[in-house]
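Have a look at the structure below before the remarks.
Naming convention: chains lettered A, B, ... in sequence-line order (proteins, then strands); numbering from 1 in each chain. Worth saying up front: this structure is predicted, and the values here are computed from it rather than measured.
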Amino acid sequence: MITTEYRAQSGLRHVGNIALVGALVGLLLLTLGALIDDPEQFWRSYYIAWLYWTGIALGSLGILMIQHISGGVWGATLRRLLESAALTLPWMGLFFIPVALFGLHSIFEWSHEGFMVGEVLSQKKVYLNVPFFLARMVAYFVIWTALVMLLTRWSRRLDGTGDMRLSGRMRGLSAPGFVVYAITMTLATVDLVLSLDPEFFSTIWGALVTISFILAAFSLMIIVLSLLTDRGPLRPVMSSEHFLDLGKLMLAFTIVWTYFSFSQFIIIWSANLPQEAVWYTVRLSGGWGWMGLALLLFAFVVPFLLLLSRPLKESHRALVIVAGVVAFMQYINLFYLSVPSWHRDGLHISWMDFVAPIGFGGVWLLLFSAMLRGRPILPLYVLPERHPRDRRELTHVGN
Amino acid sequence: MKLQTPIYGLLAEFPGEHELLVASRAVRDAGYRKIDAYTPVPVNGLSEALGLQKSRVPLLVLCGGMIGGATGLLLQYWSMHIYYPLNIGGRPTDSWPAFIPAAFELTILFAAFAAVFGSFALNQLPQPYHPVFNVRSFEKVSTDGWFLAIEASDPRFDYGPTRRFLESLGPVEVSDVDH
């Protein structure tokens, strides 16, 4: 059992400064882009960047609940980070309000009067219309926020009281909570990403985008853990075995992402029906095709081969580089899923697509470190309490 | 087999995982090399404590997987494109996306075979007889017995001192193991 409190400040101060600069410069340049360049492009860049960083928070919530359900040593050092990351969700939700008020027409074709015509689209209008879409968005964020709030509140109370029944309660909420999460994530990713091309449909979509968020969140958490180990409070706690476990999980999530991506592709490719295949025709031709190839190589082949190596996973300095590549490639993945729907005739990247994720990344990291501050960075009580294998990890503390 | 030692070795039973780990480390530090541990469940860190060489199973699995993947791709390429080209939906006969699922399955299959049969071979299994079976209490190894054996063929093995050394490590009992 841990009796020493570790706090995050000392390890994350540099990150906080960099995040502040990134947030200010990124968002300032992005706003400048809206004023002097192209407002439509501004909303699109804003939206993708917002989605990626909100996705990190959502992925963290998913991993947190998986961890509560499954237990396991790997979660002990990760739990506070996941909670803090998930706590950014309501704040990230606020950044959607400008989009809802002013940006919808630049982003969603279906929001235009007179677009949803024809046999198929006119029927989809029952679901894809602005009032219902906004109502759903509110519902998603309320549900997600409620899950995060309950989990973090009980976790905080557990720190204070040591009442292990709270651990059982968190597990009890996480099991049905994950079902709710899966359903809301399926609907939300369809609304937020799939509906950019209102004619396309895919039943694996929710799983595909959710695993992308989870993978990106997991990689980012590895980076944060590594920072906190190198120059911070987790140095006495983290051993190479922890990073080995995390590396294995990152490998598994990478494989799942590839599996889902390929599943969608192979089914549409073999059926070769025009209404679905055109989605891939756009994405496999010209510049978009090169981006797809880059995804295949750097989001799957290279991380997969590297993560097979045990020494690499045990060394967090090497692992953190792979995690950085994976997290970045998942941004590219989101870009590749979304942006071709706006630019079907070929690759299109604006300078605002570079500054927006930096700006939102800065904002997100500021929120994240604010949530992390003031709480012990390790949960004081972890289930199961007694098993020697878990105790071994915890006995490192305080040495 | 020529029997060069009067007994196979000494077998010590320990009350738990932790005690076994500590004892293994002590025995290894005392210079014994022909040692082995027997436990009802896998014990994290036991191989390191015993100083066993790194397992070669991962390498076998990697080779198995690569051979399986290559077999899957080549088999389909040969049968679909060279030996018996068949027009399916007007696609080229060497359409690689269609080859991936079966190649993936063969990768898994061969890797799994390599893992199972590789560890059987490296462990010299099946092995219907082993001297430690002669110790009555060894039956507990499949329920709650934690055992550590020092073989008599170890150069540092010397019956009296080795037995006393094992007894000093806090075992439940130390038994002689007949061949």
Side-chain angles (χ1 to χ4, degrees), chain A residues 72-74 204 239-242 244-245 247-248 251-252 254-274 276-277 280-281 283-284 289 292-293 296 300-301 304-314 384 386-396, chain B residues 14-25 39-49 53-66 68-69 72-73 76 80 86-105 107-108 111 114-115 144 146:
Chain A
V73 184
W74 60 274
I204 206 172
S239 66
S240 60
E241 281 173 41
H242 296 136
L244 176 65
D245 284 348
K248 284 177 190 165
L251 174 62
T254 301
I255 296 172
V256 176
W257 171 79
T258 314
Y259 185 80
F260 286 170
S261 301
F262 187 73
S263 300
Q264 177 179 288
F265 172 73
I266 188 82
I267 287 168
I268 290 173
W269 178 85
S270 7
N272 206 15
L273 298 172
E276 309 172 309
Y280 275 111
T281 317
R283 282 164 180 76
L284 291 177
L293 189 67
L296 176 67
F300 173 60
V301 177
F304 174 78
L305 292 177
L306 287 176
L307 287 174
L308 285 180
S309 151
R310 191 187 172 104
L312 183 139
K313 283 177 285 193
E314 283 175 336
R386 299 232 171 272
H387 196 282
R389 246 166 269 169
D390 300 302
R391 215 170 50 208
R392 193 163 49 89
E393 140 153 338
L394 300 181
T395 48
H396 284 294
Chain B
F14 289 91
E17 182 178 329
H18 182 69
E19 290 80 358
L20 179 72
L21 268 175
V22 172
S24 303
R25 224 165 273 142
T39 59
V41 294
V43 177
N44 237 340
L46 186 57
S47 309
E48 289 81 2
Q53 60 172 343
K54 255 178 94 179
S55 166
R56 273 172 297 170
V57 174
L59 190 65
L60 283 177
V61 174
L62 181 68
C63 294
M66 288 198 297
L73 284 177
Q76 291 175 89
M80 296 297 293
L86 195 62
N87 185 336
I88 300 171
R91 293 189 185 81
T93 48
D94 57 349
S95 297
W96 64 267
F99 299 164
I100 298 284
F104 170 73
E105 300 297 346
T107 310
I108 306 290
D144 60 346
W146 310 81

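- Atom CZ of Phe262(A) is surrounded by more than 12 heavy atoms from other residues, nucleotides or ligands within 6.0 Å.
- Below 30°, between 30° and 60°, or above 60°: for Trp96(B) and Phe265(A) the angle between ring planes is below 30°, a parallel geometry.
- No more than 12 heavy-atom neighbours from other residues, nucleotides or ligands sit within 6.0 angstrom of CZ on Arg56(B).
- Residues meeting the side chain to side chain contact (heavy atoms under 4.5 Å, CB included) test with Arg25(B), sequence neighbours left out: Leu21(B), Asp29(B), Ala49(B).
- At a 4.5 Å heavy-atom cutoff, the contact between Leu62(B) and chain A is made by side-chain atoms alone.
- In this structure, Ile266(A) and Pro97(B) approach most closely via the heavy-atom pair CD1-O, 3.0 Å.
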